[in-house]
2 protein chains.
Amino acid sequence: MPKVTIATVADRAGVSRQTVSNVLNTPEVVREETRERVREAITALGYRVSQAARQMRTGRSRLIAVRIEPARDGINGSVLDRFLHGLTDAAAPAGYRVMLYTATDDDGEIATYEDLLTAYDLDAFVLTSTHHGDVRTSWLAERQVPFVTFGRPWGAPDTHSWVDVDNAAGTEAATRHLLGSGHRRIGFLGWPAGSGVGDARRDGWATALSSAGLPSAGLDRAVADGIDPGADAARDLLPSVDALVCASDSLALGALRAARELDHRCAVIGFDDTAVAQAVGLTSVSQPLTEAAARCIDLLAGVLDRSAETRQLLLQPSLVLRQTAP
Amino acid sequence: MPKVTIATVADRAGVSRQTVSNVLNTPEVVREETRERVREAITALGYRVSQAARQMRTGRSRLIAVRIEPARDGINGSVLDRFLHGLTDAAAPAGYRVMLYTATDDDGEIATYEDLLTAYDLDAFVLTSTHHGDVRTSWLAERQVPFVTFGRPWGAPDTHSWVDVDNAAGTEAATRHLLGSGHRRIGFLGWPAGSGVGDARRDGWATALSSAGLPSAGLDRAVADGIDPGADAARDLLPSVDALVCASDSLALGALRAARELDHRCAVIGFDDTAVAQAVGLTSVSQPLTEAAARCIDLLAGVLDRSAETRQLLLQPSLVLRQTAP
DNA sequence: TTGTAAGCGTTATCAC
DNA sequence: GTGATAACGCTTACAA
């Protein structure tokens, strides 16, 4: 079949090419009757605008880029997967498509920005895994490239739009749940201080304990993420606790293993509600990833229109109850 | 900074725009000395071709589309994630970028093809989750849209390029491993007949048994994928077996649970080497996903150049040994 | 309200 | 081997 362009549509509707373009971009400027005629021609011919041609004129590609990370320890990798799906889903109705890229570190990622921006005219970026001293955000901000982050700007000023999950609220809810079940000696397994996410998760636990009038001192351990480190730390902690809140499902899994080995009854709650949690019946804090992705697109739309100012959104996680802490 | 186009480069190198274009696209036609001069100008100015402009002329976007599926039961979802990462990684050096889309069924996916093809001029598609009576491949083939599938064309003729993992070889290796460990009553937990992948996995198990002179009749069960169905089927099968090969990690997980409940010692091997397998120490058959992704890009490059004919690649999975079948 | 004309950056064709 | 010219499909002044 021959290519359908704006000219084909114009012919069929008996108007000029310009009028068709107006119907597409500024419909309010075209008389209703003409507009309808053009719209009919568009659907009848199955016309679709050529992004390339439009992009040449406008400099906008209607493309959003996201980095796809390697499935790290494998357990938490699925978090990004769900986020990506949500992002792609939410972007489509807004007229945007999602493009992937990979990078091994922040500098490599910035090099990719340059290519993506100059060669493909990317409209915006969605950054994940924000961290302290993140050079990516400042690079993008300096060049006035639109972006939002999933994860707040740890330590840096709130000058851009971001969406994040209230990590502290998640562990706080988990701890309260354990308190409600009668547990009084509740420990925490987390990561070394310094990672914003990890610190927030620890804070939530400490807050819940202190508002229940219970001490938290000495009841937490900081280790690298992973099942084995989790098991080691749990073994150390188990004699003094009867419940554990963990900063990740990996750590929680380690805790479960240690508890089984020591034959010590201990409630355990993980974080991220990954497939593993579902598989082994681990109670876990679940992040609203689809919602987060949709909000990222919302904020991005605001940034791209320059209509809205920068905004920050903190979403609430929920507790998914399973056997390890029913 | 002002926009750098081939005109800027041409000025700087003291040649015409066309010569710059020649250096980019058909370097062998340009005299070495001129070529070098142009190349220097390109790097000095940090010039990059505008994909949009190139695309307008050539009709090719250097974009490849892949569908991102929702994390189904959550356990096997990470398979696609790893594949996607590999695909993005392999596409970049070949000069291609990966675009995502979602779809709820085959028809919806075809509607998306239309949009992606006409609006974005997509160069090719990578299809995953091929199945019997797949309408997507015929739709694309009819319109001569380049594509490769990760998964062979079940039931359909081999008219396009595809990459697949030898599922039968995976379960056969798993079964042989169990035979080598002295097991003689080896059962199989799989899906109802009809899914190509599922049937192949069952075949591998049956083949290994029969070539060891052992009967397989009555030692398999077909259920829906999932932990609970797996546990139910395993409970039924356990009295007659001391080892189980499973079509998925989910089923294997169910089998493990059933074995524990019945306090029946039973070796278990899963399929896909998902995060869960790693977490619970489940021996599992691992698909070479990164390799598969890279081969998909290779084949696609051939299809896009029209240089190579269609080819089919069957990759070998490997067995990852863990506690459940050491 | 509608039409005309120019130009976005590239590559293909064809002279030189 | 190199350079001029046209064309890809669209949008944005500006003119009618």
Side-chain angles (χ1 to χ4, degrees), chain A residues 1-39 41-42 45-63 95 115-123, chain B residues 1-39 41-42 45-63 95 115-123:
Chain A
M1 63 199 137
K3 191 167 282 187
V4 179
T5 76
I6 196 172
T8 327
V9 176
D11 278 358
R12 164 115 179 191
V15 298
S16 77
R17 307 210 310 279
Q18 175 51 25
T19 303
V20 178
S21 174
N22 282 336
V23 170
L24 258 30
N25 301 295
T26 44
E28 67 278 7
V29 93
V30 179
R31 198 193 327 155
E32 165 130 22
E33 179 199 308
T34 327
R35 204 193 307 155
E36 266 321 300
R37 200 144 38 89
V38 172
R39 290 228 164 101
I42 287 179
L45 294 166
Y47 166 80
R48 279 183 172 88
V49 302
S50 153
Q51 282 298 330
R54 166 175 283 182
Q55 178 179 345
M56 269 247 277
R57 273 308 276 163
T58 62
R60 299 181 56 180
S61 60
R62 307 213 67 102
L63 249 34
D115 181 49
L116 254 24
L117 286 171
T118 49
Y120 288 88
D121 257 317
L122 252 88
D123 283 358
Chain B
M1 61 199 139
K3 192 168 279 186
V4 179
T5 75
I6 52 172
T8 327
V9 177
D11 278 359
R12 164 118 179 190
V15 298
S16 77
R17 305 208 311 277
Q18 178 51 26
T19 303
V20 179
S21 174
N22 282 338
V23 171
L24 259 29
N25 302 294
T26 45
E28 66 279 7
V29 92
V30 180
R31 200 194 327 156
E32 165 130 21
E33 179 199 309
T34 325
R35 205 192 307 153
E36 266 322 300
R37 201 146 35 90
V38 172
R39 289 228 165 102
I42 287 179
L45 294 166
Y47 165 80
R48 279 185 172 88
V49 303
S50 153
Q51 283 298 330
R54 166 175 283 182
Q55 179 179 343
M56 269 246 279
R57 268 312 274 169
T58 62
R60 299 180 55 179
S61 60
R62 307 212 68 101
L63 250 32
D115 181 49
L116 254 25
L117 286 170
T118 49
Y120 288 88
D121 256 315
L122 253 89
D123 283 358

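The sequence lines fix the lettering, A, B, ..., with proteins before strands; numbering per chain opens at 1.
- In this structure, CG in B/Leu24 is found 5.0 Å from CD1 in B/Ile42, a value given to the nearest 0.5 Å.
- A distance of 9.0 Å separates CZ of A/Arg37 from OG1 of A/Thr19, quoted to the nearest 0.5 Å.
- Within the 4.5 Å cutoff, the side chain of A/Ser21 has heavy atoms near those of the A/Ile6 side chain.
- Checking D/dT2, C/dG9, C/dT1 against every side-chain atom of A/Arg31, the shortest atom distance belongs to C/dT1.
- Atom P of nucleotide C/dA5 and atom CZ of A/Arg57 are separated by 16 Å, given to the nearest angstrom.
- When the P atom of D/dG9 is taken as reference, atom CG of A/Asn22 falls 20 Å away, rounded to whole Å.
- We find that CG of B/Asp11 is positioned 13 Å from P of C/dG9, with the value rounded to whole Å.
- Each of C/dT10, D/dT11, C/dT2 was ranked by its minimum atom distance to the side chain of A/Val30; first place goes to C/dT2.
- Nucleotide D/dG9 holds its P atom 15 Å from the CD atom of A/Gln51, rounded to whole Å.
- For the pair A/Glu28 and A/Gln18, nearest-nucleotide mapping onto DNA chain C gives the more 5' position to A/Glu28.
- Within a 6.0 Å sphere centred on CD of B/Glu28, heavy atoms belonging to other residues, nucleotides or ligands number more than 12.
- Atom P of nucleotide C/dC8 and atom OH of A/Tyr120 are separated by 23 Å, given to the nearest angstrom.
- In this structure, A/Thr19 reaches the C/dG3 phosphate: one of its side-chain N or O atoms is under 4.0 Å from OP1 or OP2.
- For C/dT11, one of the phosphate oxygens OP1 or OP2 lies less than 4.0 angstrom from a side-chain nitrogen or oxygen of B/Ser21.
- Between the base of C/dT10 and the side chain of B/Arg54 there is no donor-acceptor pair shorter than 3.5 Å.
- For C/dT10, the base has a donor-acceptor partner in the side chain of B/Arg17 [N/O atoms by modelled type, under 3.5 angstrom].
- The side chain of B/Ser16 places an N or O atom within less than 4.0 Å of a non-bridging phosphate oxygen (OP1 or OP2) of D/dG3.
- From A/Asp121, atom CG reaches atom CZ of B/Arg48 across 12.5 Å, with rounding to the nearest 0.5 Å.
- Going from atom CD1 of B/Ile6 over to atom P of D/dT2 covers 16 Å, rounded to whole Å.
- When rounded to the nearest whole Å, the span between CZ of A/Arg60 and C1' of D/dC10 equals 15 Å.
- Applying the 4.0 Å criterion to OP1 and OP2 of D/dT2, one finds that B/Thr34 has a side-chain N or O inside that range.
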